[in-house]
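In what follows, a single structure is set out as structure tokens and then discussed.
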Protein chains: 2
Amino acid sequence: MQKQPTIRDVAAAAGVSVAVVSRVLNPGSGPVAAATRGRVNDVMTTLGYHPRTAARELKHGPPTTLGLLLADVSNPFFARLADQVVQEAHSRGIQVLLMTTQEDDQLESERLSTLIERRVSGIIATPTGNNLDIWKKLQDLGTDVVFVDRSIPALPAVDVVTINNTESARSATALLAAHGHRRIAIISGPASSTTGRDRIAGYREALEAAGLEQDDLLIRSAAFRGAAGGDATTALLNLEDPPTALVVANTAQVTAVLRRLSHAGVSIPDELSVIVFEDSPWTELVTPPLTIVRQPIDLLARHSVQLALANASGKTSGKSTVIRVDAELVERSSVARPKRRT
Amino acid sequence: MQKQPTIRDVAAAAGVSVAVVSRVLNPGSGPVAAATRGRVNDVMTTLGYHPRTAARELKHGPPTTLGLLLADVSNPFFARLADQVVQEAHSRGIQVLLMTTQEDDQLESERLSTLIERRVSGIIATPTGNNLDIWKKLQDLGTDVVFVDRSIPALPAVDVVTINNTESARSATALLAAHGHRRIAIISGPASSTTGRDRIAGYREALEAAGLEQDDLLIRSAAFRGAAGGDATTALLNLEDPPTALVVANTAQVTAVLRRLSHAGVSIPDELSVIVFEDSPWTELVTPPLTIVRQPIDLLARHSVQLALANASGKTSGKSTVIRVDAELVERSSVARPKRRT
DNA sequence: AAACATAATGGAACCGGTTACACTTTTATG
DNA sequence: CATAAAAGTGTAACCGGTTCCATTATGTTT
């Protein structure tokens, strides 16, 4: 366990002042003779010197750290988002502090406090929907907040990057209607979430456009965590007049829903046509391969990081930016014409 | 964009000295009268004061940050590991800096430099296998390094948490042998990785125990990234005397292998019995449900965090700790007796 | 060669906390 | 009630960088 050399150790060993070493460390901050620079660099490597980030950050805030606040990284959607965000950030020399909320207000609030104390320059988050006051405070503090995937309507000043949820649900529903389905169900995120609301709105639009009757019994909300998706599935199957088609618009609940269908012995697509919001490789491996709504996670990540850092570089654009990227409907084999007439 | 209050602002507003405020901030660091404490706390909330982590860390290193250096968070195995590590760390008030290497030496080296500069107290990593000198330096610096899932034999001093790879591969192979298979293939990680080597060793043990002939053509290594798994699959299928059973011991390549099998029209388990190292919900959804080796990710995470922090608290245990947790073989329906005799 | 611009370097304050130590006020003890 | 012990508070140095500004070395112009 060796003691760490400081900038003064380096300065002493190189026979220069700390100011010079600092200039070597931060090119562009002032002139240094080439010979001196070389000597200082040599000393730094032989001493094994590494400047301490904490000390650097003391003077001016850290433009080198982003907070990434996700619900849950075990969800593949968020996992891939995290992966892309980290890569994108690293390519710009930015580090990522990863935190999870488990969809819990209280935990979210604690995580946000930590991020405030760290004075991160920006936060990319999937908000639970509460803690409005903290989000506002963050903005007052000049932290760049970007909501990804979801948003909070009561906070119009925040940048948002999301897929076009309404349109995605609309086109998925429309595809089912075009196949002749008249009883189309949807399992979506909680109505308290913007994604849930938007997707249900798109679903309704499609039904209306197709001239189909709307039945609120066919609209099920399932919490992002737990087994809610399975229960919603059972409820739909037990309906007096059950659906012939189903849109699973809650990414977190896709496997729960499919497992329940499988256990119930419902055959896809013969008895039930299915479209899911989920883009993992395995959706192609199940029988039959699933028709999916593919969310362009890489785009979400890239835009989020760009926004979080663009603002950081001083551009207080004033207005908030909302970026909507289009999801892609990938047709495979889980959609067919309905067998049974209702 | 408001200016942030500092500890001196708080002290002034409360009519006390900064030392007192600091003591309020760090309970146990010294006596403070109850009345004073209350007043200071009030001022802190009305002013919206949050102490800066960077300043705190200046004095003594930060026991509040862990580095988590993974190959790739889009791999569900690592994603779930990350999720668990983050939760475990948060429950102890520790933050996690997430970095990825993409299995690239050079990137790993850069990430490690960053972690050194941040003076993180501990690092949990899946090492690429290179950068020996940097890992050593990290240890000299007193950073607690814990390798998870894989290790580097040339660095015996590092703590390691991994599943019992040899035993896992042995039991999976033994199960296939017990079903009467004589030509059992394995697709594993690169031979340069300890997981790859250990799993192949277990595979060989099982063959030997079953009195089966070993054929190196049936042993395929596939890199953790890219489409190597698919190519290995094709090569196995095209063998003159192809296998009747397959162990996919490279988690990262499981979907690639299955996709290739599916495209090649190989039916499981009639033509090929399959066991995979992978424990995602979807392995139960495919047809047939897959027999899997379930890796106890939560245990890996908990032990890793414990080790990384146990050492941090001063216990220079001297010796390195190696923790091996047992994986569980979950039998489902992708293993059957071989149809065709070879 | 004088006059002046520019390059290179050093000294010291500063960022926002923590903490050793000195000092003052209470409380406890004989 | 004197006095020692404990509790409460303040001052100032310190952590390891960055940066303003002054100073000295070098180079250019006429």
Side-chain angles (χ1 to χ4, degrees), chain A residues 2-41 43-44 47-65 114 116-121 141-142, chain B residues 2-41 43-44 47-65 114 116-121 141-142:
Chain A
Q2 73 199 39
K3 50 225 152 223
Q4 310 259 39
T6 75
I7 198 174
R8 293 170 220 270
D9 297 328
V10 174
V16 296
S17 73
V18 294
V20 173
V21 179
S22 179
R23 283 186 210 110
V24 173
L25 246 27
N26 308 52
S29 64
V32 180
T36 313
R37 163 173 287 109
R39 188 152 36 91
V40 171
N41 276 322
V43 170
M44 293 200 296
L47 252 53
Y49 169 75
H50 290 270
R52 275 184 63 165
T53 307
R56 299 186 117 161
E57 290 185 348
L58 242 198
K59 199 79 178 174
H60 310 296
T64 68
T65 312
T114 305
I116 290 179
E117 291 174 8
R118 298 244 169 194
R119 302 292 194 272
V120 295
S121 57
L141 259 33
Chain B
Q2 71 199 43
K3 51 229 153 218
Q4 310 260 40
T6 75
I7 197 173
R8 294 172 219 270
D9 297 328
V10 174
V16 296
S17 73
V18 293
V20 174
V21 179
S22 180
R23 283 186 209 111
V24 172
L25 246 26
N26 309 52
S29 65
V32 180
T36 313
R37 164 173 288 110
R39 189 153 35 94
V40 170
N41 276 322
V43 170
M44 292 199 298
L47 253 52
Y49 169 75
H50 290 270
R52 277 185 62 166
T53 307
R56 301 186 116 162
E57 290 185 347
L58 241 197
K59 199 81 179 177
H60 311 296
T64 68
T65 312
T114 305
I116 290 179
E117 292 173 5
R118 297 244 170 193
R119 301 295 194 274
V120 294
S121 56
L141 258 35

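Proteins come first, then strands; the chains are lettered A, B, ... in the order of their sequence lines, and each starts at number 1. The model shown is predicted, which means the values in this text are computed figures rather than measured ones. Both backbone and side-chain heavy atoms feed into the values below; hydrogens, waters and symmetry mates do not.
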Inset, instruction - Scan for side chain to side chain donor-acceptor pair (under 3.5 Å) pairs involving residues 14-26 of chain B, sequence neighbours excluded, and state none if there are none. - result: B:N26-B:R56
Inset, instruction - List the steps, then state whether side chain to side chain contact (heavy atoms under 4.5 Å, CB included) holds for B:I7 with B:L25. - result: CA-CA 10 Å; B:I7 197 173; B:L25 246 26; 4.3 Å; yes
Legend entry - Nucleic acid contacts of residues 17-28 of chain B, taken as heavy-atom distances under 4.0 Å to DNA chain D: B:S17, B:V18, B:A19, B:V20, B:R23
Legend entry - Close approaches to DNA chain D from residues 6-14 of chain B, in residue order (heavy atom, under 4.0 Å): none
Inset, instruction - Could you tell me which residues satisfy side chain to side chain contact (heavy atoms under 4.5 Å, CB included) with B:T36, sequence neighbours excluded, listed by chain and number? - result: B:V16, B:V20, B:V32, B:A33, B:R39, B:V40
Inset, instruction - Could you check which residues of residues 31-39 of chain A get a heavy atom under 4.0 Å from DNA chain C? Sort them by number, please. - result: A:P31, A:V32, A:A33, A:T36
Inset, instruction - Go through the structure and list residues passing side-chain hydrogen bond (donor to acceptor under 3.5 Å, both in side chains) with A:N41, not counting sequence neighbours. - result: none
Inset, instruction - Would you mind reporting whether A:T53 and B:E57 have side-chain heavy atoms less than 4.5 Å apart? - result: no
Inset, instruction - Note the angle between the end axes of the helix from C:dA1-D:dT30 to C:dG30-D:dC1, five pairs defining each, rounded to 10 degrees. - result: 30°
Legend entry - Heavy-atom closest contact (A:L58 atom, B:A55 atom, distance): CD2-CB, 3.7 Å
Inset, instruction - Applying side-chain hydrogen bond (donor to acceptor under 3.5 Å, both in side chains), name anything that partners A:T65, two or more places apart in sequence or on another chain. - result: B:R118
Legend entry - Heavy-atom closest contact (B:P5 atom, B:G48 atom, distance): CG-O, 4.0 Å
Inset, instruction - List in chain and number order the residues that pass side chain to side chain contact (heavy atoms under 4.5 Å, CB included) with A:R119, two or more places apart in sequence or in another chain; answer none if no residue qualifies. - result: A:P62, A:I116, B:Q4, B:H50, B:R52
Legend entry - Positional range of nucleotides in DNA chain C within the contact set of chain B, heavy-atom, under 4.0 Å: C:dG16 to C:dT19
